[in-house]
Amino acid sequence: MDGIPEQELPYDVFAKACPSRGTLEHVTGRWGALTLGALHEGSLRFNALRRRVDGVSEKMLSQTLHALERDGLVHREAQPTNPPRVDYELTPFGHEVAERLLGLIHLVEGRMDDVLAARTRYDETRGGR
């Protein structure tokens with residue numbers, strides 16, 4: 001990892017009590033990954049973000065944003081207007097994480113024909129699904 005020997009890393013995500021597990025869960029969960037990917041495109045208000053992350057409920061998006069903000073990945077900017085305006089954007093750390101996630105997202109999207117073919121083969125050998 002970036003030239004740091006593994007034994008010198010202060011955190012180990014494979015260790016049960018490691019706090020990095022929670023952040024990894026926030027980042028790699030369905031709504032966290034999609035929220036980070038959507039915010040990589042730029043700052044968004046809550047409802048615009050909800051429309052972009054199709055299928056997420058208001059409650060789940062709110063919980064996801066709170067977790068990502070707490071982990072230092074998302075910045076929430078509330079402006080004292082009437083009605084209040086709240087914008088969400090990625091922090092520098094959030095941008096770094098989103099870049100890596102988008103690489104994975106694009107890889108999966110680009111290989112979906114292979115995935116669908118593999119699913120068909122699997123289902124055919126397992127008697128359907």
Nearest-0.5 Å distance that lies between atom [atom1] in [X] and atom [atom2] in [Y]:
X	Y	atom1	atom2	value
Leu102	Glu109	CG	CD	9.0 Å
Asp123	Arg126	CG	CZ	9.0 Å
Leu68	His75	CG	NE2	14.5 Å
Asp54	Leu34	CG	CG	10.0 Å
Arg30	Met60	CZ	CE	8.5 Å
His106	Leu101	NE2	CG	11.0 Å

Report yes if the side chains of [X] and [Y] come closer than 4.5 Å at any heavy-atom pair, otherwise no.
X	Y	answer
Leu36	His40	no
Val53	Trp31	yes
Leu65	Tyr88	yes
Arg76	Val86	yes
Leu49	Thr35	yes
Arg119	Arg121	no
Met112	Val115	yes
Leu73	Leu90	no

Can we say Arg100 and Glu96 salt-bridge, meaning some charged N sits less than 4.0 Å from an Asp/Glu carboxylate O? yes
Please determine if Arg85 and Asp87 form a salt bridge, counting it only when a charged side-chain N lies under 4.0 Å from a carboxylate O.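 Judged by the 4.0 Å cut-off on N to carboxylate O distance, Arg85 and Asp87 do form a salt bridge.
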side-chain contact (heavy atoms from CB on, under 4.5 Å) between Thr64 and His26: does it pass, once the steps are laid out? CA-CA 7 Å; Thr64 298; His26 298 154; over 6 Å; no
Answer yes or no: are there more than 12 heavy-atom neighbours, outside Glu41 itself, under 6.0 Å from its atom CD? yes
How about Arg21: does its CZ atom have over 12 heavy atoms from other parts shown lying under 6.0 Å from it? yes
For Ser20 versus Tyr11, what's the shortest heavy-atom pair and its separation? OG-CB, 4.4 Å
Would you name the heavy atoms of Arg45 and Pro84 that are closest together and state the gap between them? NH2-O, 4.3 Å
Thr91 backbone acceptor or donor facing His95 side chain under 3.5 Å: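 No; zero donor-acceptor contacts below 3.5 Å.
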Is a donor on one side and an acceptor on the other found under 3.5 Å between the side chain of Ser62 and the backbone of Glu58?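 No.
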Hydrophobic clustering (ILVMFWY, side-chain heavy atoms < 4.5 Å, transitive) - are Leu116 and Tyr122 grouped together? no
Count I, L, V, M, F, W, Y as connected when their side-chain heavy atoms are under 4.5 Å apart, and connections chain through other members. Are Leu44 and Val27 then in the same cluster?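 As far as the 4.5 Å side-chain criterion goes, Val27 and Leu44 are connected within one cluster.
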For Arg111 and Asp114, run salt bridge (charged side-chain N to carboxylate O under 4.0 Å, His left out): C-alpha distance rounded to whole Å, both residues' side-chain angles, the deciding distance at 0.1 Å, then the answer. CA-CA 5 Å; Arg111 298 291 301 269; Asp114 297 329; 2.5 Å; yes
